[in-house]
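Take a look at the structure below.
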Amino acid sequence: MSRGHCILSHGFESGPDATKVTALADVAQRLGWTHERPDYTDLDALREVSSVGDVRARLQRLVERASAAAASQGPVVLAGSSLGAYISAIASLQVPTRGLFLMVPPTRMGPMPALDAARVPTSVVHAWHDELIPATDVIAWAQARAARLLLVDDGHRLNNHVDASAQAFEALLLSL
């Protein structure tokens, strides 16, 4: 029997088989959570909508999947990297969510609302040297909600901290 369902959203110009979301899927599987990794690459390619594709459609796709999962598979944990983290946080305001795991989350996304999230257990992994999203913005966001925050010596892709991110995700799932 599953403990719940994790939806793992990849970042912009990435895919459902990306290293970080694959590592999170492995953790979820090992701990008895079902999981899925939606593919948003078709929406990311829509550069005529914005420089990061169709963010609203990406969010809507996640909300629909998370709503269905919450109704049929028990507690939902939303997790994502970068743009995937942003839509996970915003979707948590619209869908019953048990927990959030956000890697290098943008605190602003063009004309979209500023980063916001349901008041649920939240873990954030961010890089001190993120070239796209200032660490100080993420620190302030995490502090305002008393979220768990892991800051690592890395850049936006967290290439050197995939294992540390997976361990932080494991800690979140074990705490739920």
Side-chain angles (χ1 to χ4, degrees), residues 5-25 35-70 76-97 99-120 122-145 147 149-152 154-159 161-162 165 169:
H5 188 69
C6 299
I7 302 179
L8 313 167
S9 294
H10 65 81
F12 177 67
E13 294 184 329
S14 187
D17 295 324
T19 305
K20 291 187 297 279
V21 292
T22 297
L24 300 186
H35 57 85
E36 64 181 293
R37 295 178 270 173
D39 187 349
Y40 304 105
T41 54
D42 60 321
L43 301 173
D44 292 352
L46 297 175
R47 298 291 177 85
E48 64 276 9
V49 177
S50 85
S51 62
V52 290
D54 193 338
V55 178
R56 291 185 202 300
R58 205 184 220 260
L59 174 61
Q60 187 58 38
R61 184 174 293 172
L62 177 57
V63 167
E64 289 168 2
R65 291 181 91 133
S67 295
V76 173
V77 171
L78 300 177
S81 179
S82 192
L83 181 53
Y86 175 83
I87 64 167
S88 295
I90 299 296
S92 75
L93 297 167
Q94 302 174 46
V95 176
T97 304
L100 278 172
F101 187 74
L102 311 175
M103 295 177 287
V104 294
T107 56
R108 290 179 289 289
M109 184 58 59
M112 296 291 290
L115 186 65
D116 196 6
R119 297 291 177 167
V120 297
T122 302
S123 284
V124 179
V125 177
H126 199 71
W128 280 114
H129 309 291
D130 190 316
E131 59 280 8
L132 301 176
I133 303 156
T136 53
D137 293 355
V138 175
I139 292 167
W141 187 87
Q143 181 180 22
R145 15 186 108 270
L149 176 61
L150 173 62
L151 290 162
V152 296
D154 210 336
H156 184 71
R157 295 199 178 275
L158 296 173
N159 289 330
H161 290 86
V162 174
S165 297
F169 185 59

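These figures come from a predicted structure and were not determined experimentally.
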*Quick one: do Ser81 and Arg157 satisfy side-chain hydrogen bond (donor to acceptor under 3.5 Å, both in side chains)? Show the steps, please.*
CA-CA 9 Å; Ser81 179; Arg157 295 199 178 275; over 6 Å; no
_Using 0.5 Å steps for rounding, measure from the OG atom of Ser165 to the CG atom of Leu24._
7.5 Å
_Counting only heavy atoms not in Gln143 (residues, nucleotides, ligands), do more than 12 fall under 6.0 Å from its CD?_
no
_I'd like to know if the side chain of Thr136 and the backbone of Pro134 have a donor-acceptor N/O pair within less than 3.5 Å._
no
*In Å, rounded to the nearest 0.5 Å, how long is the span from NE2 of His156 to CD1 of Ile133?*
4.5 Å
*Would you find a donor on one side and an acceptor on the other, under 3.5 Å apart, between the side chain of Ser14 and the backbone of His10?*
no
*Looking at Ala66 and Val76, what are the two nearest heavy atoms and their distance?*
O-CG2, 4.0 Å
_Heavy-atom side-chain proximity of Phe101 to Val125 below 4.5 angstrom_ = yes
*asked:* For a quick test of reading the model, state the closest non-hydrogen atom pair linking Leu158 to Ala127 and the distance between them.
replied: CD2-CB, 3.9 Å
_Flag side-chain contact, heavy atom, 4.5 Å: Cys6 against Phe169_ = yes
_Are Ser9 and Tyr40 packed together at the side-chain level, in the sense that at least one heavy-atom pair is separated by less than 4.5 angstrom?_
yes
_Could you measure the distance from the CG atom of Asp130 to the CG atom of Asp154? Nearest 0.5 Å is fine._
9.0 Å
*Are any side-chain N or O atoms of Ser50 and backbone N or O atoms of Val52, one a donor and one an acceptor, separated by less than 3.5 Å?*
yes
_Results of ring-ring contact (aromatic ring centres under 6.0 Å, His included) for Tyr86 - residues two or more places apart only_ = none
*If you look at every heavy atom in Ser67 and Val95, which pair is closest and at what distance?*
OG-CG2, 3.5 Å
_In the structure I gave you, are the side-chain heavy atoms of Ile7 and His35 within less than 4.5 Å of one another anywhere?_
no
*Within-4.5 Å side-chain heavy-atom neighbours: Pro105 and Val138*: yes
_Return the OG to CG distance between Ser92 and Leu78, rounded to the nearest 0.5 Å._
6.5 Å
*Find the distance between CG (Leu149) and CH2 (Trp141) and round it off to the nearest 0.5 Å.*
10.0 Å
*Measure the shortest side-chain to side-chain distance between Trp128 and Val152 over non-hydrogen atoms and say whether it is less than 4.5 angstrom.*
no
*asked:* Whether Asp42 and Arg58 form a salt bridge (side-chain N of Lys/Arg under 4.0 Å from carboxylate O of Asp/Glu) is what I want to check.
replied: no
*Pairs in or reaching into residues 107-117: which pass salt bridge (Lys or Arg N to Asp or Glu O under 4.0 Å), with residues at least two apart or in two chains?*
Arg108-Asp137, Asp116-Arg145
*Side-chain contact, heavy-atom cut-off 4.5 Å: Met109 with Val55?*
yes
*Go through the steps to decide whether Arg37 and Asp17 satisfy the test side chain to side chain contact (heavy atoms under 4.5 Å, CB included), and finish with yes or no.*
CA-CA 8 Å; Arg37 295 178 270 173; Asp17 295 324; 4.2 Å; yes
*Residues in salt bridge (charged side-chain N to carboxylate O under 4.0 Å, His left out) contact with Glu13, at least two apart in sequence or another chain*: Arg47
*Where do Ala147 and Val124 come nearest, in terms of heavy atoms and distance?*
CB-CG2, 4.3 Å
*Taking the side chain as every heavy atom from C-beta outward, state whether Leu62 and Ser88 have any pair of such atoms under 4.5 Å apart.*
yes
*Looking only at heavy atoms, which two atoms of Ala69 and His5 are closest? And how far apart?*
CB-CD2, 3.5 Å
_Closest contact, heavy atoms only, Val21 versus Gly15_ = CG2-O, 4.0 Å
_Main-chain N/O of Glu36 paired with Arg65 side-chain donor or acceptor, under 3.5 Å_ = no
*Between CG of Asp44 and CG of Asp54, what distance do you get to the nearest 0.5 Å?*
9.5 Å
*What do the steps show when you test Gln94 against Leu59 for side chain to side chain contact (heavy atoms under 4.5 Å, CB included), and what is the final call?*
CA-CA 10 Å; Gln94 302 174 46; Leu59 174 61; 4.1 Å; yes
